[in-house]
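Contents: one structure, followed by commentary.
Chain identifiers are assigned alphabetically (A, B, ...) following the order of the sequence lines, protein sequences preceding nucleic acid strands; residue numbering begins at 1 within each chain.
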There are 2 protein chains.
Amino acid sequence: MSASGPTGDELLTVLATLANPHRLRVIAALSRERTYVSRLARDLGISRALLQLHLRKLEAAGLVSAQLELSPDGKAMKFYEVRPFAYRLTPDAIADAAGTLSTDTEDRDRQEGERDGRT
Amino acid sequence: MSASGPTGDELLTVLATLANPHRLRVIAALSRERTYVSRLARDLGISRALLQLHLRKLEAAGLVSAQLELSPDGKAMKFYEVRPFAYRLTPDAIADAAGTLSTDTEDRDRQEGERDGRT
DNA sequence: CACACCTGCTAGATTTTCTTGGCATGTGCA
DNA sequence: TGCACATGCCAAGAAAATCTAGCAGGTGTG
């Protein structure tokens, strides 16, 4: 029986998302303690706009999640936390996943299908 | 005692290297069977020049290795094979590795040091 | 009201990565 | 010699990712 790991596309998304020093540090910081955007930006020493970009990518990949909360004094704050994950990176695991990678032509076909016609 | 995983920079290199569909397919193909460049290019349906670029990156990251061999009829052929590896991708493992990420300023300092002077 | 926080967005410049196409080398064989 | 197949490299364009700077909105406090 197969171990049934992630699909190729999922693995690829996770890899591409984690392949950035800022995002690794974000994961590291959030795994210690959940925080809100502005504070995290100060801690990491990067601009808020930049951090938001990285947070969006991490969230899109399913590696972190966000909750909008109101602080005691009524300010809206967006808290982020890591969402537990575990991927094995071995030749075999990759070989499994690679089989389900969508091809360039498949992508093109799918997009064309969506364009011309039926919802 | 710490589990002593990869350094941040090493992990980052591996992630960046694997975050590409072609390179995932290369790992998959090589994990099935070692082959030489031209054949692999035909199998994967990509140009040789492109494949060589990806192979260079994979080799630089330590994920594959190459041996130059002479075929029975005397042609030089470069065989590649996967080099066994296993990385755990979890929040904790990343938190560990992130601590040893080199910073931008460190990089700049190092390069300046190399430029002006002493070998 | 001004200030200090919090949030979100986007246009544009910059940098990096990816990809193609061409050229050069070498071997064996008809 | 000409063809097939192997290797390597590089220039240059195309595409994608990154980052900055600036704008917008909200709340509570002095």
Anything under 3.5 Å between a donor and an acceptor, one on a side chain of residues 44-59 of chain B, the other on a protein residue two or more places apart or in another chain? List them.
unit_1: B/S47; atom_1: OG; unit_2: B/L50; atom_2: N; d: 3.2
unit_1: B/H54; atom_1: ND1; unit_2: B/R23; atom_2: NH1; d: 3.0

In whole Å, I'd like the distance from the CG atom of B/L40 to the C1' atom of D/dC5.
16 Å
Rounded distance in Å - CG (A/L51) to P (C/dG8):
10 Å
To check you understand the geometry: which heavy-atom pair defines the closest contact between B/V82 and B/I27, and what is its length?
CG1-O, 3.7 Å
Let me know the distance between CZ of A/R23 and C1' of D/dT18, rounded to the nearest Å.
9 Å
Rounded to the nearest 0.5 Å, how far does CG of A/L15 lie from CG of B/L24?
6.5 Å
Using atom CG of A/L53 as one end and atom C1' of C/dT14 as the other, report the distance to the nearest whole Å.
14 Å
Rounded distance (Å) that lies between atom C1' of C/dC18 and atom CG of B/L18
17 Å
Could you tell me the separation between the CG atom of A/N20 and the P atom of C/dT15, rounded to a whole number of Å?
17 Å
Just checking A/R42: base, sugar-phosphate only, or nothing, at a heavy-atom cut-off of under 4.0 Å?
sugar-phosphate
Just to be sure I understand the geometry, which residues of residues 54-72 of chain A put a non-hydrogen atom under 4.0 Å away from DNA chain D?
A/H54, A/K57
Quick check against the 3.5 Å criterion: does A/T35 have a side-chain atom that pairs as donor or acceptor with the backbone of A/R39?
no
So, is A/Y36 near the phosphate of C/dC6, with a side-chain N or O under 4.0 Å from OP1 or OP2?
yes
Rounded to the nearest 0.5 Å, what separates atom CG in B/L63 from atom CD1 in A/I94?
7.5 Å
Straight-line distance of B/S71 OG to B/F79 CZ, nearest 0.5 Å
8.0 Å
Side-chain N or O of B/K78 versus OP1/OP2 of D/dG8: is the shortest distance under 4.0 Å?
yes
Below the 4.0 Å mark, does C/dC6 have OP1 or OP2 next to a side-chain nitrogen or oxygen of A/S38?
yes
Quick one: CZ on B/R25 to CG on B/D43, what's the gap to the nearest 0.5 Å?
13.0 Å
Verify the contact: side-chain N or O of B/Q52 to OP1 or OP2 of D/dG8, cut-off strictly under 4.0 Å; return yes or no.
yes
Whether B/T100 side chain and B/G8 backbone form a donor-acceptor pair below 3.5 Å
yes
Using a cut-off of 4.0 Å between protein heavy atoms and nucleotide atoms, how would you tag nucleotides 20-30 of chain C 5' to 3' with B, S and -?
BB-----BS--
Over 12 non-hydrogen atoms of neighbours within 6.0 angstrom of CZ in A/R34:
yes
